[in-house]
Amino acid sequence: MSQISLTFPDGNIRIYAAGVTAAEVAMSIAPSLAKAAISAQLDGAHWDLQWPIPQSAKISINTLKDEAPALELIRHDCAHIMARAVQEIWPDVKVTIGPVRDYGWFYDFDRAEPFTPEDLGAIEAKMKQIINAREPVRTEVWDRARAIAYYEERGEPFKLELIARIPEGEDLRMYWHGGWQDFCRGPHLAHTGQVPADGFKLTHVAGAYWLGDASRPMLQRIYGLAFKNREDLKAHQLMLEEAAKRDHRKIGREMELFHLQEEAPGMVFWHPNGWTIYRQLEDYMRGRQKAAGYREIRTPQVVDRVLWEKSGHWEAYRENMFIVEVDEDGAKEKRINALKPMNCPCHVQVFNQGLKSYRDLPLRLAEFGSCHRYESSGSMHGLMRVRGFTQDDAHIFCTVDQIQQECADFIELLSSVYKDLGFTKFDIKLSTRPDVRVGSDEVWDKAEDALQKAIERLALPYTINPGDGAFYGPKLDFKLTDAIGREWQCGTFQCDFNTPVRLEAEYVGEDGAKHSPVMLHRAILGSFERFIGILLENYAGKLPFWLAPRQVVVASIVSDADDFVTEIVTELRRAGVRAEADTRNEKINYKVREHSVGKVPVILAIGMKEVEERSVAVRRLGETRVETISLASAIATFGLEALPPQH
RNA sequence: GCCGCAGUAGCUCAGCUGGUAGAGCAAUUGCUUCGUAAGCAAUGGGUCGGGGGUUCGAGUCCCUUCUGCGGCACCA
């Protein structure tokens, strides 16, 4: 029998017989290590304790103290234990797959009856039994025929389909504990007792298509959370509660920003406070884009189908469009229009008016374009996914040679805007040519190269998504990270070689001949609706002063101060501050609480002392400290703070 | 669109096995003028998402529809 040498993390080298298992290796070092072991790292690969080690390698033994492998195994074993628990309770339920995901796992089942919350409790109890039994997890390699026979006998069609998808000749690894088994590539824990019985929690049930395919059966997916111990689980559950408190739908109600109602699903009714935020954001963007050389336009929302047929939307995007039929005077047939789902075709119409020269390029046309898309009912979500929205859209008409500069300028604008809005971290994704595409390879080469060079010149990190570009050109997507680490794709920069040709956009080149320009679709915020949702969640409603709908509330402590309160509000408004008076017959405690809950950044409390001194007591949101300053300096301070970021 | 769950006063929610709706907050009114996160009291307010059915009788059961929520699919 041949020998192998295993190198340990401390540099030690030991000799073993080939085929030794990691469990045996651990035992050879110390029985206590063998007992604590959960898996091994073999040349960096996650290795099951029971798998034979074929050749010399670097090895380290993992225990539950090794965070990453421990969590992966705990979650993966939870999936198996849950599947077993379910089948022990309901033997007719068919099992499918159960992968690890962030913070936990899920497992998809096929069962006629829906799982109820009470069922989840029963499953959890059964899982705890299995865990407490500390049953050893065993594994062996089966050949395909044996595995197929096994699952045919058990009547598990989904498992059989999974087996059929595994390439011929590959062995199947079976895992089992107790009388229950599943085929799985592993690795797994050594025994079920290594899963912390109080470190997991089943959270919810949801439908999910088999293999993610909407034409396949809908299965029931049970989600669970799993951590090393109860404390970590509790901490995570607390974090989820905190995240729920930031839900923009909840904040929107509390701050009286907007509402949605069933007569207009997916369309926002903006209230005064919410519309103030919207307008601030729009005015800010207008200023930034104007300074960056964009020219603002406005195009129709209802457009005849003829244009959509020309642009290709009628064929490719019709099911997502709101159609408007009109009885025209004297016409035999109804005229069919569509609410625009995108602005690009209309922007080309503006470009097409009058003869354009190469001297006009790059031409940057911007529109806060109101669009409507018929989003499927299940996909709508607060402000984040709506049917009526406004994009901070612009189209840059330019030559292929101008792409790089335009791209670099755009990224600089975008990163500056994100920074102003409180987002300092964002990722860039470059999507390159798909198999099915329009345009010559030469043009694609140039465009992809231009995008890549633009990012690299700015020394920004990025990842490439090969083949993920649109059929009409390569693109960049920008994903920002919010205060609690969630990522949102907002910005985009897309090259389009197709639309200008389809819609006959042309310019006269230096050579006197007509050429098609390249069209660059770009957005920074994406949609105002969604971006405001992101802002609200990022700031948990505590917007920076310049965006806050109500910036200052001036609250009287006694009614004899009311006149001075009115005077202060008037002066603040004159200085451009969104100020309101609160002279209600309530205690200052009550007013402070209400406006704090309402996320007003500054409360000015006015009592007789302030009246006499002509001063104000300033209390900022989130602080309990109160600072008394003169009225004049308050006007100056808040007038300045109310301005949007200056450039 | 699909699976599941939900839809009761402005908001949050209670209402068991069917017998004509309840709380807290908010609102209104009165009292209180009280220094930085909810002062006291009284009063008004819903026919239980819409439609249909079962029943002597339905918020409570059934069907249907809409909307919302959690996912999945979708997001050229």
I'd like a table of donor-acceptor pairs (distance under 3.5 Å, sequence neighbours excluded) in which one partner is a side-chain atom from residues 550-560 of chain A, with atom names and distances.
from	atom 1	to	atom 2	distance (Å)
A:Gln551	OE1	A:Arg578	N	2.7
A:Gln551	NE2	A:Phe545	O	2.8
A:Ser556	OG	A:Asp562	OD1	3.0
A:Ser556	OG	A:Lys591	NZ	3.3

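Residue contacts for A:Ala617: at a heavy-atom cut-off of 4.0 Å it reaches a base atom on one of the strands shown. As judged by a 4.0 angstrom heavy-atom cut-off over every strand, A:Glu610 is placed among the base-contacting residues. If you check every strand for non-hydrogen atoms under 4.0 Å, A:Phe106 touches nothing. Nucleic acid contact for A:Ala605: base, since at least one base atom lies under 4.0 Å from a heavy atom of the residue. A:Arg318 comes within contact range of no nucleotide atom at all, as no heavy-atom separation falls under 4.0 Å. Residue contacts shown for A:Gly312 are absent, as no nucleic acid heavy atom lies under 4.0 Å away. A:Lys591 comes within 4.0 angstrom of no nucleic acid atom, judged by non-hydrogen atoms across all strands. Within 4.0 Å of A:Arg253, counting heavy atoms only, lie sugar-phosphate atoms of the nucleic acid but no base atom. Contacts of A:Tyr590 with the nucleic acid, taken as non-hydrogen atoms under 4.0 Å apart, involve only primed sugar atoms and P, OP1 or OP2.
The partner of B:C34, taking Watson-Crick or G-U wobble pairs whose two distances both stay under 3.5 Å, does not exist in any strand shown. B:G18 is unpaired under the Watson-Crick or G-U wobble criterion, no partner having all donor-acceptor distances under 3.5 Å. Base pairing of B:A41: its partner is B:U29, meeting the Watson-Crick or G-U wobble criterion (both donor-acceptor distances under 3.5 Å). Taking a pair to require two hydrogen-bonding distances under 3.5 Å in either a Watson-Crick or a G-U wobble arrangement, B:C2 pairs with B:G71. Both distances falling under 3.5 Å, in either a Watson-Crick or a G-U wobble arrangement, place B:G7 opposite B:C66.
When the P atom of B:G35 is taken as reference, atom CG of A:Asp582 falls 15 Å away, rounded to whole Å. A straight line from CE of A:Met255 to P of B:G10 spans 23 Å, rounded to a whole angstrom.
Considering A:Asn337, A:Leu503, A:Val348 in turn, A:Leu503 is the only one that fulfils the side chain to side chain contact (heavy atoms under 4.5 Å, CB included) rule with A:Leu307.
A:Phe389 has its side chain out of reach of A:Met267: every pair of non-hydrogen atoms, C-beta onward, lies at least 4.5 Å apart. At least one side-chain heavy atom of A:Leu480 sits less than 4.5 Å from a side-chain heavy atom of A:Cys490.
Side chain of A:His204, nearest nucleotide from B:G70, B:A27, B:A37: B:G70. The side chain of A:Lys587 lies closest to B:C34 when the candidates are B:G35, B:C34, B:G68. The side chain of A:Glu586 approaches B:G39 more closely than any other nucleotide in the set B:G39, B:C72, B:U12. Of the candidate nucleotides B:G35, B:C72, B:G70, B:C72 has the atom nearest to the side chain of A:Tyr223.
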Indicate for each nucleotide in nucleotides 1-7 of chain B, in 5' to 3' sequence, whether protein heavy atoms under 4.0 Å reach the base (B), only the sugar-phosphate (S), or nothing (-).
BBBS---
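Here A:His381 reaches the OP1 or OP2 of B:G70: one of its side-chain N or O atoms lies under 4.0 Å away.
Below the 3.5 angstrom threshold, one finds a donor paired with an acceptor across the side chain of A:Arg385 and the base of B:C74.
Proximity of a side-chain donor or acceptor of A:Arg620 to a complementary backbone N or O of A:Val602 within less than 3.5 Å is not detected.
In summary, A:Arg216 and A:Glu161 engage in a salt bridge, as defined by a charged side-chain N under 4.0 Å from a carboxylate O.
For A:Phe478 and A:Tyr418, the distance between ring centers is not under 6.0 angstrom.
Relative to the six-membered ring of A:Phe258, A:Arg249 misses at least one condition, a distance below 6.0 Å or an angle of at most 45° to the axis.
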